[in-house]
Structures are given as C-alpha cells and as structure tokens.
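Both counts, for ligands and for their atoms, begin at 1 and track the order of listing.
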Amino acid sequence: MKLTIIGTGYVGLVTGTCFAEVGHHVCCVDNDDAKVKMLQSGRIPIYEPGLEELVQKNAAAGRLSFSNNTAEGVAKSDVVFIAVPTPPQPDGSVDMSFIERVARDIAAAMTDYKIIVDKSTVPVQTGDKVAETIKRYCKARVDFDVVSNPEFLREGFAVEDLMKPDRIVVGVRTQRPVPALKEVYAPFNAPIIVTDINSAELIKHASNSFLALKISYINAISVICEATGANVQEVANGMGMDERIGRRFLNASLGFGGSCFPKDLSAFIKIAEQLRYDFGLLKEVQKINAAQMDRFVKKIADTLWVLKGKKIGVLGLAFKQNTDDIRTSPALELCHRLQKEGAILRVHDPKAMEKAKADLHNVTYVDDMNEVAEGCDALVIATEWEEFKKLDLERARKSLSHPIMFDGRNLFDPQEMERLGFIYKSIGR
Ligand code: UGA
C-alpha cells in the first residue's frame, strides 16, 4: 500500500520504517529540514537498536522516502498517519497544537478520499476534534475517515515491538476504513481489535497508566520488603507466575521515567478531572514514584552521611536501557539531586552521554564503565543496561575508597556482592 506518516519522532520513524520493511511504500514527512536531510542520507537522529540498518535497507529498495512537504505526502497516499508530538503543558494537560496544525495541513492538501489515522497518544475524544477540523479546513469538500490507531512500542525495543505486536487497535467511526487498515497490518500477523474511536484512544492511556501502576505497586511492595527482610524479586517472581498478574513490569526500581509514563499519567488524571472524576488511584501512582526516588537518595545520604564533597560514580543516564533518550530520566534526576547535596559525580552511559551533556554539567563523563569507580566513595547503578551486569566488580571494589554500591535497578545478587566484599544496597532486597 502507499502510506504517509507525518512526524518522524520515535513512533513515526519506527512505524514508517517497519511498514516499508513489510512491503508498503512509505513517505515520512517532517517539518524539520535538518532531520529530513539526515534521514535522506541514511542516518537517524536517535539510538534505537536495528533501526538505522532498516532505514538504509528500505530507502535503498525504494520503499521508504523522506520529505518536508505535507501536501506531497498527502497526494501520494490513501492512508495518512499522524505521529506528531503531544507534549505536556505545565498543568499536566496535553498540548494539541501539533495535531491541530497537521490536521489543517492534511485537510488543505486533500483532493480525494483519504483515511487519516491518528497514532499520537491523545486524550479521549480527540478523533472527533480532528474530524471536525478536517471538515472545516478541507476546501475540496471530499470524503474522509478519521481512525485512531495507538502505538504500543517501547523505546529500545521499538523495532521488535512493532514487527511482532501483541495486538493492533483500530478505532473507527464507520466501517469504511476498516479493510484498508486490515490490509496495512496484515503482514504483521497480529490480532486486530476494531473499536469505536473513543475506546481506542482510551486503550492507550489506560494501558500506559496500568503499566505505570504495576511498577508503582511493586515499588510499594519493595518498601514492605525492606522493612521485613523479604526479597522483592522473589515476591515478584511468585506473583508473576499467576497468569492473571504476569511477571513483566514488576521490576522494582528507583522509579519510572521517560517521555510516556509520566506525561500520560498526568494527562489521564487531567482528562478524568475534566470529566469530573478524581482519579486518585493514578495520583497515588505518581506519589509512590516520586517517593521511590526520595527513598533512594536518602539511602545514599544515610550511608555516606555527608554528601558534600563526596565523589560518586553513576552508571546510567538514559531513562532505561537500549536508548539514548534522557527525557524525564530517573537517572538524570538522581544526578541532579546528588549534585544539589554537593556530591562530585563521575558518570557513564553506553549511549546517552552526548544527549546528557546538554542537561548535566560539572560532572566527569567517563567513556569506560570500568573506570567510573576510580577514586569514588561509592558507585550507583541508575539505569538497567544489560552490559552493567558485566562490570568488572573486582576492579570496582579496588577502585572505590570504600566498596559501597547502591543499585537502583537490582542488577546484582546481594549475597554474591557481599561475598565479594561490597556494602551493597539495592531496592526491596
Ligand atoms: C512505554 C510503554 O511500555 C509502551 O507500551 C508505550 O508504547 C510507550 O510507553 C509510549 O507510550 O510510547 P517506554 O516509555 O519506551 O514505553 O518504556 P518502558 O519500557 O515502558 O519503561 C518506562 C519506564 O519504566 C523506564 O524508566 C523503565 O526503567 C521503568 N520500568 C519499567 C521499571 O522501573 N520497572 C519495570 O518493571 C519496567
């Protein structure tokens, strides 16, 4: 099929590339000229495993192109996907101006029937507003359908999630666009759920909020574990074997972050408020997440006593593994908190150091993870990178003035760390 994606952020770029990979002809549009040029030259502006190779392969095969011209994209395709940002506003609500702008641009360029598919994460009832806007601004007065098709990819695993989805959600106002959407997704061999637009939009916010709730739940359990000498990982394993609960997203941590969960929680709480429902449950999820960071900072401060002038090594800056994304990163927040207390930091991240440099100043960026502990009073694990599990622990122990490690991601085995001579403090164990 001929498809156009407006917006080449995480969702737009991965979606467009994977659509091309399964054989569709895809035009990706972005209004950032520099980004379009970069993509045209086969490079990508983010680190995402496997993505750059797929972009190059599909561009070379003539199935994937990039443009800065929305009208050109609309003219080329029958199905136009909107994948532009919906950033948070200071009060927690969502800034819808990018979606509105794109809806107007698409409307202005339409000369025949189009299916306009919203992939951006949006508040419930946005589909109706997009449809109204297109109707208002389409001078050609042609037929169209608006569809909600939320995306469930995780950064760092985006290609895998997109190529092997658990489900495809298609929210529609009429049945007319359904066959085309089924054709778009047929190569992915995933169950397709067709709902009304409001339900599709809600599935996205409800899913992300539920996953965040799962993390806060296990983080709350981690507090009880610490108070009783239980082990949160064993509790999570035991809970997770119940298929109704499931083990995934039950990893206790110093808190969740990223560009989705914090923003989507605030937005969902705000939407509920506008609908006159006080979503206290989700407010508690936020509270537990903030408290988890406070508890971790306190754990470090209680152990090291005075933080002023202490040298601390921090492993991890990205908000999670396999990405260079530092947006709302708990690891970066931790660095700022430690700096505020007067600590001197040596930091490392396998992929996020370049991006972190714009936000985190007056620290030493260390290229080799095994050199971070050099001369430090303690070492902290802040991001769950797999490769941190391969840290040279013997070298770290010798490099530290005192062998103290704070593990905000439970990467190591407490008994093994003790055997190696570490004072090892993790989460809920
Ligand atoms: C999340 C959802 O998982 C995706 O399904 C969704 O499509 C995406 O948001 C989105 O709305 O675009 P993402 O933000 O990329 O994906 O990352 P996650 O893997 O969900 O991790 C979010 C945060 O939770 C990270 O800081 C991670 O370290 C933390 N986390 C995750 C935990 O602390 N414990 C866990 O068990 C899992």
Legend entry - Short side-chain donor-acceptor distance under 3.5 Å, Tyr185 and Asn149: yes
Inset, instruction - With heavy atoms under 4.0 Å as the rule, classify the contact between Leu250 and ligand 1 as side chain, backbone, both or neither. - result: backbone
Legend entry - Closest approach of any protein heavy atom to atom 10 (C) of ligand 1, naming residue and atom: Cys260 SG, 2.9 Å
Inset, instruction - For atom 20 (O) of ligand 1, state which one of Phe152, Phe256, Phe249 supplies the nearest heavy atom. - result: Phe249
Inset, instruction - Could you verify whether a donor N or O on one side chain and an acceptor N or O on the other, from Asp95 and Ser97, lie under 3.5 Å apart? - result: yes
Legend entry - For atom 19 (O) of ligand 1, closest protein heavy-atom neighbour: Lys320 NZ, 2.8 Å
Legend entry - Pairing of Lys357 and Glu354 as salt bridge, 4.0 angstrom limit: yes
Legend entry - Part of Gln292 within contact of ligand 1 (heavy atoms, under 4.0 Å): neither
Legend entry - For the student: nearest non-hydrogen atoms of Ser209 and Phe268, plus distance: OG-CD2, 3.2 Å
Inset, instruction - Consider only side-chain N and O atoms of Asn58 and Glu21, and report whether a donor and an acceptor are under 3.5 Å apart. - result: yes
Legend entry - Numbered atoms and elements of ligand 1 in range of Glu155, under 4.0 angstrom, heavy atoms: 15 (O)
Inset, instruction - Taking atom CD of Gln415 as the centre, report whether more than 12 heavy atoms of other residues, nucleotides or ligands fall under 6.0 Å from it. - result: no
Legend entry - Distance-only N or O hit between ligand 1 and Val11, under 3.5 Å: no
Legend entry - Residue part near ligand 1, for Glu384, under 4.0 Å between non-hydrogen atoms: side chain
Legend entry - Minimum-distance protein heavy atom relative to atom 3 (O) of ligand 1: Arg154 CG, 3.4 Å
Legend entry - Closest approach of any protein heavy atom to atom 8 (C) of ligand 1, naming residue and atom: Leu153 O, 3.3 Å
Inset, instruction - Considering only non-hydrogen protein atoms, determine which one is nearest to atom 26 (O) of ligand 1 and report residue, atom name and distance to 0.1 Å. - result: Phe319 O, 2.8 Å
Legend entry - Phe157 contact mode with ligand 1 (heavy-atom cut-off under 4.0 Å): neither
Legend entry - Any side-chain donor near an acceptor of the partner, Ser222 and Gln292, under 3.5 Å: yes
Inset, instruction - Would you tell me whether Asp91 and Ser93 have side-chain atoms, one donor and one acceptor, within less than 3.5 Å of each other? - result: yes
Inset, instruction - Could you tell me whether Asn208 approaches ligand 1 through its side chain, its backbone, both or neither, with non-hydrogen atoms closer than 4.0 Å? - result: side chain
Inset, instruction - Answer with yes or no after comparing the ring centroid distance for Phe422 and Phe412 against a 6.0 Å cut-off, counting only values under it. - result: no
Inset, instruction - Identify the protein heavy atom lying closest to atom 31 (C) of ligand 1, giving its residue, its atom name and the separation to 0.1 Å. - result: Ile215 CD1, 3.5 Å
Inset, instruction - Among all protein heavy atoms, pick the one closest to atom 36 (O) of ligand 1 and tell me residue, atom and distance. - result: Asn251 N, 2.9 Å
Inset, instruction - Measure from atom 23 (C) of ligand 1 to every heavy atom in Gly257, Ala158, Ser253, Gly258 and give the option owning the shortest one. - result: Gly257
Inset, instruction - State the CD1-OG1 distance between Ile197 and Thr174, to the nearest 0.5 angstrom. - result: 9.0 Å
Legend entry - Protein heavy atom at shortest distance from atom 1 (C) of ligand 1: Phe261 CE2, 3.5 Å
Legend entry - Closest approach of Gln40 to Phe66 (non-hydrogen atoms, all atoms of both residues): NE2-O, 2.9 Å
Legend entry - Residue portion contacting ligand 1 (non-hydrogen atoms closer than 4.0 Å) for Lys204: side chain
Inset, instruction - Measure the distances from the heavy atoms of Lys214 to every atom of ligand 1 and state whether one is below 4.0 angstrom. - result: no
Inset, instruction - Could you tell me which non-hydrogen atom of Pro165 sits nearest to which non-hydrogen atom of Ala190, and how far apart they are? - result: O-CB, 3.6 Å
